[in-house]
Amino acid sequence: MKKKILVSRLYPKEGIRLLEKENFHLTLWEEKRPMTQVELIEKAKSHHALLCTLTEKIDSHFLTQCSHLEIISQFAVGYDNIDIDAATGFGIPVGFTPDAMSEATADIAFGLMIAVARKMFFLHKTIINGRWGYFNPTGNLGFELKDKTLGIFGLGRIGVKMAKRCKNAYDMDIIYHNRTRNKEAEKLLDATYLGFDDLLLKSDVLSVHCALTPETKEIFNRSAFKKMKPSAIFINTARGPIHNEKDLSSAISSGEIWGTGLDVTNPEPMQPDNALLFMENACVLPHVGSGTQEARNQMSVLAAMNIIEFYRNKQVPHIVNPEVLAH
Ligand code: GLV
């Protein structure tokens, strides 16, 4: 019997072609909007496998209704939209697409850092609003990043790439905090491991690259921002709920930190009247870290291969819960 795969969004063709070649029966959801959970459950009920992404809520309700699924393949490196314990409980392997977007996301973190230091988004808006005026010798001043200290919260695949960019471009000192020390990266980047509070105290730029977990949820809150330097830039390209957005806004307006660059917001989408969008020292993007052709194509290939290898060899090359396949 042909396996039926539900494909939740319009993913790049590279991966879809691989699935087609494998002779699966594919159901493609071709609308721009994601399915509601009700629609998703109804469709998933008649399929063997699901290719999904962060717009789909794969919680215990979904999984209880769709416990027959043989594999869930997530098109993303983050999988906080999926209740992994519940999937594991039902014996469903969950695949994901690590590293495909590391360069692309590090570029966005690096770009946001420079954009904030030089108030780029705000200054762009002054032109649109007819307020260019005259060259101003003492106005619109930002600061330089040369020799500053970069703090990385979550020195993994993407964090290392951000740190390399900062070291090569600006000779920045690299400090970091992780659950477990990354000795290899320490050697590569001459990076220093610090406790969380010391990371807050010492970073000129603090860039977040960790996963969203119960431990990291809103770890960047009022008390964290209070410990940071008044000249510090906070960058988040990981997941919005890692910061408390009201606390972040107040920290900038009260001068507790200098500014922020966000590719992820809490919640998403950010509303168009959000105060951060009007601040001089804030630059916000609509969650586009992995948004290059190279990254998205590779993500679609990895997500497809997770399904293909599962049905060919009972193996999932990039799997979140390997224990499911161990028995
Ligand atoms: C994007 O946010 C991803 O997790 O890949």
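Read the numbers this way: they start at 1 and go in the same order the structure lists the ligands and their atoms.
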| task | Could you tell me if the ring centre of W258 sits under 6.0 Å from that of F234? | result | no

| task | Please check if any side-chain donor atom of Q74 sits under 3.5 Å from a side-chain acceptor atom of N306, or the reverse. | result | no

| How does L54 reach ligand 1, by side chain, by backbone, by both or by neither, if only non-hydrogen atoms under 4.0 Å count? | side chain

| said: Tell me the protein heavy atom at minimum distance from atom 5 (O) of ligand 1, and give that distance in Å. | reply: V77 N, 2.8 Å

| Close-contact set for ligand 1 against H287 heavy atoms, below 4.0 Å | 1 (C), 2 (O)

| query | Going by the atom numbers of ligand 1, which of them fall below 4.0 Å from some non-hydrogen atom of G78? | reply | 3 (C), 4 (O)

| query | Heavy-atom contacts under 4.0 Å between A76 and ligand 1: side chain, backbone, both, or neither? | reply | both

| Can you find a side-chain donor-acceptor pair between T88 and N321 that sits under 3.5 Å? | yes

Can you list, pair by pair, the side-chain donor-acceptor contacts under 3.5 Å of residues 298-305, counting residues two or more places apart and other chains?
residue, atom, partner, partner atom, Å
S300, OG, G15, N, 3.0
S300, OG, N297, O, 2.8

| said: Working note: D263 + H287, criterion side chain to side chain donor-acceptor pair (under 3.5 Å); need CA distance, chi angles, decisive distance, verdict. | reply: CA-CA 5 Å; D263 182 47; H287 202 146; 5.2 Å; no

